[in-house]
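Numbers restart at 1 for each chain; the letters A, B, ... are given by sequence-line order, proteins then strands.
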Amino acid sequence: MPSPETSDLLAGLTPPQRDAVTHVDGPLLILAGAGSGKTRVITRRVAYLLSQGVRAHNILAITFTNKAAGEMRHRVEQLVPGNKVFVSTFHSLGARLLRQYGERLNIDRNFTIYDVDDRNRLVKAALGTAGIDDVKFTPDRLAGAISKAKNMLLTPKLYEATANDFFTQTVAKVYHLYEKKLRAANGMDFDDLLYLPALFLKLNEELRRDLDHRFKYVLIDEYQDTNQAQYEIARRLSVNEPNLCVVGDPDQSIYKWRGSDIKNILDFERDFPATKVITLEQNYRSTQSILHAASVLIDHNKQRKKKALVTANPQGEPVRVLTFDNGLEEAEGVVVRIKEAVQAKKFRYRDHAIFLRINALSRTLESAFVKHGVPFQIVKGLAFFDRKENKDILAYLRLLVNPADTVSFLRVVNEPPRGVGKVSLDRLVSYAADLDITLLAAAGQVHKIADIRGKAATGVRDFHRLIAELRTQPDLPPHEMIRLVLDKSNYRKQLQESTDEEDADRLANIEELITASKQFSDEDSSRTLSDFLEQIALASDVDSWDEESDRVSVMTFHAAKGLEFPVVYLMAVEQGLLPHDRSLGKDEDIEEERRLCFVGMTRAMKELYLCHSRLREFRGQALYQVASMFLEELPREVSHDDLAARKNLPRAALDEWRGKVNATAASTGYGTQPRTLPPLKSGGSVGGDYEAGQVVQHAEYGIGQVTDVSGFGALRKLKVRFATGGEKTFVADMVKLTVVQRKA
DNA sequence: CTAAACACTGTTTTT
DNA sequence: CAGTGTTTAG
């Protein structure tokens, strides 16, 4: 019986949206095209379930980021006040299950969540133990293979059974040892948070049934990006109560590299019989121009179910491709355009977003923003917690919560310096290994270790005492604990006494960490230190995004998923970057890159710009860049503006060279990015003949002396040491220098 | 044992 | 170019 509330919940919905919202029991697949009002449908559906008498604690909603989870919780709360629906990410859910059912599963609930960095250290340690010091396989690569194995629910034993070459056999060995070390340290890597719950749900029928019953209604957003472990969790929670609703769009699957399997969504109907399928095709976000360009692009994917994307929105401005001469001009060009749009009162800064394929590209942008006084935020969440000083403090905290935490122990045992060097540590580690005790416990009996004497022994003993003392106050709120650590460890003292200016900044950063932790516990006084650490460990990049402030947002294509902005700029849409070099081998991978481009484009509501430049500095080298193949796949209506201002580029030679590249590109199927450039016919004469020893004048930096000349043609570079003290490197073709004296 | 100088190397996307 | 690991001097 629909209450008045119910009709509110259905207000303003299209028939298919309404169908999705009012579906209660049985599996439901919502294929939601970009901008089709998906979030709205999901929240309304949760609210609708509540209005139908479903109890809040029987609903589980899974989102892709914590931020999205928070928003959904908030919106549901607004629609149906007083209901606390459990909304979380898969990883947070996993952590919660492991802590909650830890006892039953023989897991210590105080486990530490290890990030990629911690994981790699442990893999490295495992390599050492295994006596594999070959540099053939980097810890990174091995860790990646282990991660993949866990995503596919392969235990070390299962993995070993399938290992059939030298690499996989090495991985198998390391995987065994790594797991052993990880369990001994009472640590969980990111994959464990999915892998272990998935395994337990599979093997422990009693627990599975309990949870299935508890989470009667399960809803999963961004289902196209779930991996096998996540699938297993969803599947096992929906056996007795098969009310699983998944929402996704195969065209927006962009995490294959992380183990996500697009088959999960494509085969959903087969896996869950009697699934109701609802397709949302109407787009409410973008102009016709934008949507059309995006559809034409994505239509180039062969592995794809054709799908119409329609909108009743106006045609809008044409999508524009902007060609710049080089990366610097591209960054400035974009920033200046944004500034002009704001000055013309057309948009606010916060209406703009810039998407990048790789984080490294944000540097040039940053300087352009600063130079032009345009407010911006680079959305990269962990940057703050990644600072050394904060990681150190967090390692102390982790060790307090989990005394078995090897990685954290090793990180801070000599931080600040206590005279404990590598040799002493190696001895401590092997002592602990021999007795099968934790490093902290070993530190407690350092007097028994004959090989550690003098300053090292005192240092280890002091450290052990410090941790023991701090551990007597387990219930201190996070911020007070940090202060205590800071004082008792002499970390603060060390920074204060330092003459290094940066150390003052470090102290300020720690103060900021204290503020963050205080805010965290002020929001909810029941939150513990362990909760604080977990929140940091599981934070995603977009979680740090500040929607309120009036700033331009800069983020990766991946981080942009699920967001929308009135004006969007895609930067460096170039062969080798988008599609990325590493995808160029396989059609499958290129299709994922195309989806990435599609995701970026469909974030735009009113205006969309795709930028690329001809020359780009990359790890200190200038490279000619070829426009992305995706740009050629756009429809004719897209307008092209060549803003390459550089008149002195040897255009004819450049065109000839590009022609060659395109010829090779055609023969290999797809273009590849040149690693080195052939010398141009015009040699180095374009930018003038420079040689080492010349004294030159630069408009900005003044008088200097050429110290080095290298490269040819457009790549010819100069190093100039200026009278003011600095040394700069210039591209000879670009820089305006006056030769003052042939040779000094 | 520490710190500083050096050589080397490797390069996407992230929970 | 930067970030990491290694060597060297104190």
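For the P atoms, the distance from dT6(C) to dT11(B) is 16 Å, rounded to whole Å. The same atom, C1', is picked in dG5(C) and in dT12(B); the two are 23 Å apart, to the nearest Å.
We find that CD of Glu617(A) is positioned 16 Å from C1' of dT11(B), with the value rounded to whole Å. In this structure, Gln230(A) places its CD atom 12 Å from C1' of dT14(B), rounding to the nearest Å. For the pair Ile146(A) CD1 and dT15(B) C1', the computed distance is 18 Å after rounding to whole Å. What separates CZ of Phe385(A) from P of dT15(B) is a distance of 14 Å, to the nearest Å. In this structure, the CZ atom of Arg258(A) is 5 Å from the C1' atom of dT14(B), given to the nearest Å. Atom CD in Glu222(A) sits about 13 Å away from atom P in dT15(B), given to the nearest Å. dT15(B) atom P lies 20 Å from atom CG of Leu196(A), rounded to whole Å. Computed from coordinates, the Asp140(A) CG to dT14(B) P distance equals 15 Å when rounded to whole Å.
Secondary structure note: stems in DNA chain B built from 3 or more consecutive Watson-Crick or G-U wobble pairs under 3.5 Å occupy B:1-10 with C:1-10.
Backbone-only engagement by Ser424(A) is indicated by non-hydrogen atom pairs under 4.0 Å involving sugar-phosphate atoms exclusively. Residue contacts for Phe90(A): at a heavy-atom cut-off of 4.0 Å it reaches no nucleic acid atom on any strand shown.
Of the candidates dT13(B), dT15(B), dA2(C), the closest approach to any side-chain atom of Arg363(A) belongs to dA2(C). Checking dT15(B), dT14(B), dT12(B) against the side-chain heavy atoms of Arg582(A) singles out dT12(B) as nearest. Distance from the side chain of Thr89(A) is smallest to dT15(B) among dT12(B), dT14(B), dT15(B).
When atom types are taken as modelled, the side chain of Asn227(A) and the backbone of Gly259(A) share no donor-acceptor pair closer than 3.5 angstrom.
Partners of Asp221(A) under the side chain to side chain donor-acceptor pair (under 3.5 Å) rule, at least two apart in sequence or in another chain, are Lys38(A). Annotation: side chain to side chain donor-acceptor pair (under 3.5 Å) contacts of Arg616(A) (sequence neighbours excluded): Glu330(A), Glu574(A), Ser613(A). When the side chain to side chain contact (heavy atoms under 4.5 Å, CB included) test is applied to Leu563(A), the partners found at least two apart in sequence or on another chain are Val542(A), Trp545(A), Met555(A), Phe565(A). Remark: Glu71(A) pairs with no residue by the side chain to side chain donor-acceptor pair (under 3.5 Å) rule, at least two apart or across chains.
Other residues, nucleotides and ligands place more than 12 heavy atoms under 6.0 Å from the CZ atom of Arg461(A).
Geometrically, Arg99(A) engages Phe111(A) in a cation-pi contact defined by less than 6.0 Å to the ring centre and at most 45° from the axis.
In this structure, the aromatic ring of His580(A) is positioned over the six-membered ring of the base of dT12(B), centres within 5.5 Å and planes within 30°. Aromatic stacking of Trp257(A) on dT13(B): satisfied, with centres closer than 5.5 Å and planes within an angle under 30 degrees.
A salt bridge links Glu588(A) with Lys256(A): at least one charged nitrogen is closer than 4.0 Å to a carboxylate oxygen. Salt bridge absent: Asp115(A) and Arg121(A) never bring a charged side-chain N and a carboxylate O closer than 4.0 Å.
Between Ala537(A) and Leu425(A), the one whose closest nucleotide on DNA chain B sits nearer the 5' end is Leu425(A).
Between Phe64(A) and Tyr255(A), the ring-plane angle classifies as tilted under the 30° and 60° cut-offs.
Between dT14(B) and Asn359(A), a contact under 4.0 Å exists linking OP1 or OP2 to a side-chain N or O. Between Thr556(A) and dT14(B) there is a side-chain N or O to OP1 or OP2 distance below 4.0 Å.
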Please list, pair by pair, any protein nitrogen or oxygen found under 3.5 Å from a nitrogen or oxygen in nucleotides 2-9 of chain B.
{"unit_1": "dT2(B)", "atom_1": "OP1", "unit_2": "Asn414(A)", "atom_2": "ND2", "d": "3.1"}
{"unit_1": "dT2(B)", "atom_1": "OP1", "unit_2": "Gly419(A)", "atom_2": "N", "d": "3.1"}
{"unit_1": "dT2(B)", "atom_1": "OP2", "unit_2": "Asn414(A)", "atom_2": "ND2", "d": "3.3"}

